[in-house]
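Working notes for the structure below.
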Amino acid sequence: MSEHAHDGDGYNRRKLFWIGVIALFTAAFTVSLRAAVSADLKAVFLDPVNLAESGALIGGVLGAGFTGFALTLFITSPFLDYIGMGRMALISAGSFVIGTLMMIFAGPIAAAFGGDMAIYWVMFVSVLITGIGWGCVESFTNPMTASLYPDDKTHRLNVLHAWWPAGLAAGGITGVILANMNLNWQVALALTPIPALVFGFMAIGEKFPHTEAKKLEVSFHDMLLEIFRRPAFFIWFGAMFLAAASELAPGQWVQIALTEVVGMQGILLLVYISVIMFVFRHFAGPVEAVLTSTGLLWVSSLLAMIGLYLLSGADSPVSALVAATFWGIGVCFMWPTMLAQAAARYPRAGAWAIGLIGSAGALSIQFVLPAIGAVYDKAKLEAAGGESAFAALAAGTPEMREVLAFAAEESFQMIALFPAILLVIFGGLWLADRKGKDV
């Protein structure tokens with residue numbers, strides 16, 4: 001394949017694709033490292049504020065990144081050609097740097113404002129800013145890849161998004177290594193701006209392509225008409241809400257919920273499934289050729305449901321790894337295949353169709369993570385016999401482990417409902433495709 005794009009405008013296809021790869025790696029690296037230190041953040045900042053509801057509070061903080069992601073995608077996607085993909089790359093790099101620094105210095109910043117909940121809001125805004133950076137990454141990388149490879153969207157988007165789990169794995173391993181070296185969480189988070197600066201400098205002065213909608217001379221008005229003229233788009237929108245909750249919410253929750261229960265660092269499960277996803281996403285094209293896109297999504301939902309249900313009952317490293325294998329293979333193809341379907345089925349909706357699907361996935365986590373945290377908090381207090389009884393339990397004791405195991409079971413069984421619903425949705429879409437209906 002030539003380094004130059006198909007339209008002969010003289011931009012460097014290979015370099016642009018690698019800018020997208022490093023940018024997506026950075027977003028995942030940031031999310032994973034934050035998940036790796038989430039238990040520390042919860043213990044240092046939020047347990048002293050409200051021990052009984054600290055699970056819901058940390059869920060709200062972690063979910064803020066997905067809110068920033070969703071809002072950024074929603075707002076910027078229809079105007080991507082006006083803003084420019086290069087500018088979006090630079091904005092995203094700056095957001096990762098600023099948001100990370102704000103979290104590192106969250107304590108002093110909150111102290112300047114005062115009040116018990118000041119630390120929560122400082123943490124929330126910090127993660128929100130990094131979420132904006134992530135949203136900018138998704139806003140330009142997905143349409144850019146679809147434009148660079150118009151005849152190979154599903155495979156190329158899966159290859160691009162293989163670097164998401166690569167970033168997750170790198171961030172998780174880094175967090176564990178630094179923790180074993182007794183280095184604090186600030187040191188871990190300080191590493192996240194490094195890849196952001198790399199892709200930011202690569203993007204300076206580089207020429208980026210236009211979106212497919214721009215090449216088709218589709219106006220914003222036409223984008224709106226394309227979406228509302230074909231209301232089946234909103235089925236895909238709702239499905240992405242559930243698909244992202246099946247993949248991303250558990251990834252943010254494993255360190256908090258499973259570390260003491262299964263006898264290993266929960267973040268290592270995220271690293272493990274990230275390796276699975278990195279490998280399998282490179283084979284999306286051949287798998288899609290056998291199952292079709294909707295068939296692939298149906299099988300993915302089935303495996304994800306099995307994995308999450310098994311994860312709810314995991315009580316050892318072996319059982320956790322077995323469950324995570326099903327879950328990892330199940331969610332592997334969901335996100336990039338959904339984006340590819342938006343690009344392929346609604347090309348005249350342009351980058352906004354891709355952005356809306358992505359924003360649905362991100363927005364779901366802002367709702368799902370606090371809800372999971374609330375289920376977890378309620379279950380742990382119920383199992384312990386009340387708030388005071390829970391506070392009296394010592395960390396690491398069999399009694400505490402039993403309480404946390406019950407809370408983890410309840411929270412992961414809740415998540416397993418999402419891919420169960422997707423089985424019905426994707427089953428219907430698969431059947432409609434086989435009958436030749438336009439959805």
Side-chain angles (χ1 to χ4, degrees), residues 26-76 91-92 94-138 171 175 184-186 188-190 192-193 196 244-245 248-253 255-257 359-377 411:
T26 302
F29 188 69
T30 302
V31 168
S32 183
L33 262 182
R34 190 165 58 234
V37 302
S38 59
D40 292 324
L41 296 175
K42 176 176 171 293
V44 172
F45 292 132
L46 300 177
D47 284 350
V49 173
N50 190 335
L51 179 63
E53 298 180 4
S54 59
L57 291 175
I58 192 64
V61 168
L62 296 174
F66 297 90
T67 298
F69 174 19
L71 292 177
T72 302
L73 269 178
F74 183 82
I75 293 170
T76 62
I91 294 170
S92 63
S95 298
F96 286 125
V97 174
I98 294 170
T100 299
L101 290 175
M102 189 172 180
M103 180 64 82
I104 291 173
F105 297 103
I109 294 173
F113 287 97
D116 289 342
M117 290 300 291
I119 187 63
Y120 171 82
W121 289 111
V122 171
M123 295 169 69
F124 185 96
V125 172
S126 163
V127 178
L128 183 71
I129 292 173
T130 58
I132 290 172
W134 179 17
C136 290
V137 167
E138 290 276 345
N184 62 29
W185 58 268
Q186 289 98 332
L189 291 184
T192 61
L248 298 176
Q252 293 287 283
W253 198 244
Q255 177 71 4
I256 296 170
S359 67
L363 190 61
S364 76
I365 311 304
Q366 178 61 70
F367 292 101
V368 170
L369 273 178
I372 295 170
V375 169
Y376 183 84
D377 287 335
S411 59

Heavy atoms of F96 and W134 approach each other most closely as CZ-N, 3.6 Å
| message | Contact between L41 and V61 at the side-chain level, heavy atoms closer than 4.5 Å - yes or no? | response | no
CE of M103 to CD1 of I109, rounded to nearest 0.5 Å, is 10.0 Å
Worksheet item: Is it the case that T192 and T100 place a side-chain donor and acceptor less than 3.5 Å from each other?
Response: yes
Value for SG (C136) from CG (L73), rounded to nearest 0.5 Å, stands at 8.5 Å
**Request:** Classify the side-chain pair T130/R34 by whether it contains a donor and acceptor separated by less than 3.5 Å.
**Result:** yes
Heavy atoms of A106 and M123 approach each other most closely as CB-CG, 4.4 Å
In short, G171 meets L33 closest at the heavy-atom pair O-CD2, 3.3 Å
Donor-acceptor pair, S411 side chain versus Y376 backbone, under 3.5 Å?
-> no
Heavy-atom nearest pair, V97 first then P193, reads CG2-CB, 3.8 Å
How far apart are the C-alpha atoms of T26 and V137, what are their side-chain angles, what is the distance that settles it, and do they pass the side chain to side chain contact (heavy atoms under 4.5 Å, CB included) test? CA-CA 9 Å; T26 302; V137 167; over 6 Å; no
**Asked** Take atom CZ in F124; do more than 12 heavy atoms of anything else shown fall under 6.0 Å from it?
**Response** yes
Are the side chains of Q186 and F105 in touch, meaning some heavy atoms are under 4.5 Å apart? no
Shortest non-hydrogen pair, F69 vs G135, comes out as CD1-CA, 3.3 Å
Between G68 and T72 the two heavy atoms that sit nearest each other are O-OG1, 2.6 Å
